[in-house]
Protein chains: 2
Amino acid sequence: MSGVRAQQKEKTRRLLIDAALSQLSAERSFSNLSLREVAKEAGLAPTSFYRHFTDMDELGLTLVDEAGLTLRQLMRQARQRIAKGGSVIQISVETFMELIESNGNVFRLLLRERSGTSAAFRAAVIREIRFFTMELCDYLQQANALDAEVAYMQANAAVTIVFSAGSDALDIDDKDERELLSKQTIQQLRFIARGAAELSDRRKAAKKSQK
Amino acid sequence: MSGVRAQQKEKTRRLLIDAALSQLSAERSFSNLSLREVAKEAGLAPTSFYRHFTDMDELGLTLVDEAGLTLRQLMRQARQRIAKGGSVIQISVETFMELIESNGNVFRLLLRERSGTSAAFRAAVIREIRFFTMELCDYLQQANALDAEVAYMQANAAVTIVFSAGSDALDIDDKDERELLSKQTIQQLRFIARGAAELSDRRKAAKKSQK
DNA sequence: TAATACAGTGTACGCGTGTACGCTTAATTG
DNA sequence: CAATTAAGCGTACACGCGTACACTGTATTA
């Protein structure tokens, strides 16, 4: 039941996925990648593509799924590092920046398709980012004992800032400049954390005095 | 010297620009707009396009320029409203959201080309956004007497948050939901403002005690 | 072992693309 | 008024695209 055939099929499917992923770059987005190019890179005849995906769109959604997976791995890695002690914000930003350096194209895929022309893609990307945001939200709420709504707004703002910084980092070659960007990003996240903590406190005080 | 001919040429040039602009939408980005389509929409033969632009890229850069102009108009309008009194942050966000509702496609152009595949486009968009950020930075520095570096980080974070909210707003039809988004954005900007003010104060205190 | 299912191939088609080239026609120039 | 300039047009070309269709060879099934 393992199936030599099914195994082979899965293998070529991966070949297609990897081919698409490997063709992404600063000057090449998924949406201007053609079915023929991907098939060729994978070493297949164009028409063989259809044995695995009905559409380039279907392949694209698979790619977005994989990118979401990468995002979750990032989260896990950051958590592990944080457990060993140190500034939460600093470790998170540094971990994120490492991801961007090693997986630039995956990250680019998310950034581009988030504002792309396919509603399905946009929805898929937004879903992944929301998931990421929610996980951060839970963490903030627990770790800092924040008001739920405040925690959400902080998580949301933080993710926005970090993703934007990541996008900028993709266009920076100079190492010192990247470091500067990281430092600024960390500072910006601290702004947000400070403002959020304060609002949360004020809300708690208001609730108490009402009782 | 006014030139009936030159005037006519300028008119058709605008026809092309407007044609391109009018074809932009949620499901149509500039980069998947063809020269022929634009020419057709403008009521011209495909080859006539070349009398005005060497390239679709050249047209695109012109569009980005126009978008930058729109951004500057926005700034001016917000300033006027602020002068009449009210919460600076609230008025700014509301003004921005109005722009997005009336000029969604112009805004989409900026968002998309910022992470697009053409280095020239990316540079042009980043330039416009930086200009916008710097103007806000000057304002913050003056109005709130902030440390220069802190003002920059605040301006940068604020623009990031507002643009991201704008991007989200483009996908929201429901009016109540938009209002909620606006409120959250305002709150997030206040987080940042609070954090920035505090850091600026701390820096000033440090400088004084050194003297 | 014979029949079947199916991954992968090769050919062929119509379509939309960018653009080279020569033409027309009217404003500009001398 | 004659010569020139230049905006806009029409034709024509090669190209890459998605995909329909009929095929081959091999793992799976009965």
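Proteins come first, then strands; the chains are lettered A, B, ... in the order of their sequence lines, and each starts at number 1.
- Atom CZ of B:Phe53 and atom C1' of C:dT19 are 17 Å apart (whole Å).
- Distance A:Glu10 CD to C:dC6 P: 16 Å, rounded to the nearest Å.
- The CG-P distance, from A:Asp55 to D:dC17, rounds to 16 Å in whole Å.
- Neither OP1 nor OP2 of C:dA7 sits under 4.0 Å from any side-chain N or O of A:Ser48.
- Judged by distance alone, with hydrogens and angles left aside, the side-chain atoms of A:Ser164 form no donor-acceptor pair with the main-chain N or O of A:Thr160 at under 3.5 Å.
- In this structure, A:Arg51 atom CZ and C:dA5 atom P are separated by 14 Å, rounded to whole Å.
- In this entry the distance linking CG of A:Leu35 with P of D:dG18 reads 5 Å, nearest Å.
- In this structure, B:Arg36 places its CZ atom 13 Å from P of D:dG10, rounding to the nearest Å.
- Annotation for B:Ser22 and B:Glu41: closest pair OG-OE2, 3.5 Å, computed over non-hydrogen atoms.
- Out of C:dT9, C:dT28, C:dG8, the shortest distance to the side chain of A:Ala45 is found at C:dT9.
- Between D:dC17, D:dG8, C:dG8, one nucleotide has an atom nearer to the side chain of A:Thr12 than all others, and that is C:dG8.
- You won't find any donor-acceptor pair under 3.5 Å spanning the side chain of A:Arg5 and the base of C:dA7, going by distance alone.
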Test salt bridge (charged side-chain N to carboxylate O under 4.0 Å, His left out) applied to B:Glu37 and B:Arg28, step by step: CA-CA 12 Å; B:Glu37 281 175 306; B:Arg28 213 86 167 69; 2.4 Å; yes
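- Counting only heavy atoms from C-beta outward, the side chains of B:Tyr152 and B:Met134 approach each other to under 4.5 Å.
- Residue A:Thr47 places no side-chain atom within donor-acceptor reach of the base of C:dG8, judged by atom type and a 3.5 Å distance cut-off alone.
- For B:Lys9, whose side chain is taken as the heavy atoms from C-beta onward, the closest listed nucleotide among D:dA7, D:dG8, C:dA5 is D:dA7.
- Within 4.0 Å of A:Ser34, counting heavy atoms only, lie sugar-phosphate atoms of the nucleic acid but no base atom.
- The main-chain N or O of A:Leu44 is never found under 3.5 Å from a side-chain atom of A:Ser48 such that the two would form a donor-acceptor pair.
- Rounded to whole Å, atom P of D:dA27 lies 13 Å from atom NZ of A:Lys11.
- Atom OH in A:Tyr50 sits about 20 Å away from atom P in D:dC23, given to the nearest Å.
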